[in-house]
J.: 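My questions will all concern the structure given below.
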Amino acid sequence: MAILWKGAPVATAINERTAAEVAELAANGVQPSLAIVRVGERDDDLAYERMAIRRAEAVGIRIVRHVAPPDTSTEEMRKLMACLNADASVHGILLLRPLPPQIDEACICNAIAPQKDVDGVTSSSLASVFTGAGDGFAPCTAAACMALLSHYGVDPAGRRAVVVGRSLVVGRPLAMLLLQANATVTICHTRTRDLEGICRQADIVVAAAGKPRMIGAKHLSAGQVVLDVGIHDCGDGTICGDVMVAEAEPLVSALTPVPGGVGSVTTAVLLQHVAQATRRQAIV
Ligand code: NAP
């Protein structure tokens with residue numbers, strides 16, 4: 001029977017370290033601050049923003065909200081980013097996405113100053129993840145998966161890791177982080193042949209396909225660690241992930257629950273990045 005790798009203790013441990021770092025910065029006269037940029041009033045964005053504000057306040061990070069009207073243009077967004085980049089009191093920028101279709105999202109992501117890119121959305125941050133240079137921040141969800149492995153004592157070195165999904169937000173950067181941690185990594189996607197067989201051979205399976213309950217007994221084998229990144233509204237008032245829990249739980253050795261797994265660590269990682277970005281910018 002799988003041990004459930006809950007996210008809460010991982011998030012608590014990260015938040016404790018972040019709060020201590022924020023207190024040290026404050027003692028040196030520096031107040032870490034995160035700008036949250038939202039376009040319009042999407043329910044998902046509002047919920048995420050409320051949660052981020054609550055958790056940031058708990059560790060002593062100041063949040064500055066910037067809300068743009070839904071018909072904002074790419075040029076107006078670019079100017080807002082330039083203002084935030086130039087504002088020395090802002091240390092991190094979180095852009096809530098997806099942006100409305102009239103805005104060039106890639107252009108706006110890359111308009112964020114690399115040192116303030118705490119969510120790892122710029123090409124510069126992704127290049128740093130790719131090279132392992134360590135001067136940019138990894139996307140928070142990918143970093144949260146690595147934090148879970150570390151907290152629960154699984155060293156990826158020498159293990160076979162299969163990442164299902166190749167998005168720039170999760171799959172690809174996580175594959176790079178696992179490779180950096182000396183795992184032997186396979187990235188799977190919609191054109192992969194024999195996904196089930198490839199997954200079965202892994203020691204670590206990361207389900208990040210964005211397909212509800214698609215990873216089941218046929219993909220899994222005894223002793224595996226399974227990180228479920230998916231988050232889906234099942235339409236019946238429940239939330240589920242990419243993994244079929246009823247089939248996975250009796251088989252694998254560890255599994256992250258949804259909700260309460262990877263997602264609950266992601267915000268803690270974001271706030272940790274804000275504290276680290278502040279220290280780098282303030283050179284305390
Ligand atoms: P995405 O951009 O839609 O990417 C999904 C990836 O999965 C694509 O690379 C796709 O392959 C691959 N894929 C889809 N169906 C597949 C299949 N049947 N077999 C093999 N590969 C398949 O999604 P995302 O942004 O990476 O997010 C993935 C999931 O994580 C979503 O459920 C999302 O809600 C969740 N998420 C969670 C967090 C968190 O904090 N926990 C954060 C971000 C996202 P192709 O490239 O070939 O299309």
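Order of appearance sets the numbers: ligands from 1, and atoms from 1 within every ligand.
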J.: Does T141 approach ligand 1 within less than 4.0 angstrom via side chain, backbone, both or neither, non-hydrogen atoms only?
T.: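 Contact part for T141 vs ligand 1: side chain (C-beta onward).
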
J.: Backbone or side chain, does any N or O of D242 fall under 3.5 Å from an N or O of ligand 1?
T.: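 By distance alone, the answer is no.
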
J.: Among all protein heavy atoms in this structure, tell me which lies nearest to atom 8 (C) of ligand 1, with the distance rounded to 0.1 Å.
T.: R166 N, 3.9 Å

J.: Name the closest protein heavy atom to atom 36 (N) of ligand 1, giving the residue it belongs to and the distance to 0.1 Å.
T.: V229 O, 3.7 Å

J.: Please write down residue, atom name and distance for the protein heavy atom closest to atom 6 (C) of ligand 1.
T.: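 Ranked first by proximity to atom 6 (C) of ligand 1 is G165 CA, 3.6 Å.
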
J.: Side chain, backbone, both or neither: which part of H189 comes within less than 4.0 Å of ligand 1 when only heavy atoms are counted?
T.: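 Both of them.
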
J.: Tell me the protein heavy atom at minimum distance from atom 14 (C) of ligand 1, and give that distance in Å.
T.: A209 O, 3.4 Å

J.: Looking only at protein heavy atoms, identify the closest one to atom 4 (O) of ligand 1 and say how far it is in Å.
T.: S167 CB, 3.8 Å

J.: Which residue owns the protein heavy atom closest to atom 47 (O) of ligand 1, what's the atom, and how far is it?
T.: T190 OG1, 2.4 Å

J.: Evaluating non-hydrogen atoms only, which member of S264, P139, G210, P173 is closest to atom 29 (C) of ligand 1?
T.: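 Answer by nearest heavy atom: G210.
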
J.: Each residue besides V258 in its hydrophobic cluster should be listed here, by chain and number; the cluster joins Ile, Leu, Val, Met, Phe, Trp and Tyr at side-chain heavy-atom distances under 4.5 Å.
T.: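 ILVMFWY cluster around V258 also holds I231, I239.
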
J.: Work out which heavy atom in A111 is nearest to a heavy atom in N85; give both atom names and the distance.
T.: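 Minimum heavy-atom contact is O-ND2, 2.8 Å.
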
J.: Please check: side-chain N/O of K116 versus main-chain N/O of V274, any donor-acceptor pairing under 3.5 Å?
T.: no

J.: Starting from atom 34 (O) of ligand 1, what is the nearest protein heavy atom, named by residue and atom, and what distance separates them?
T.: I231 O, 3.6 Å

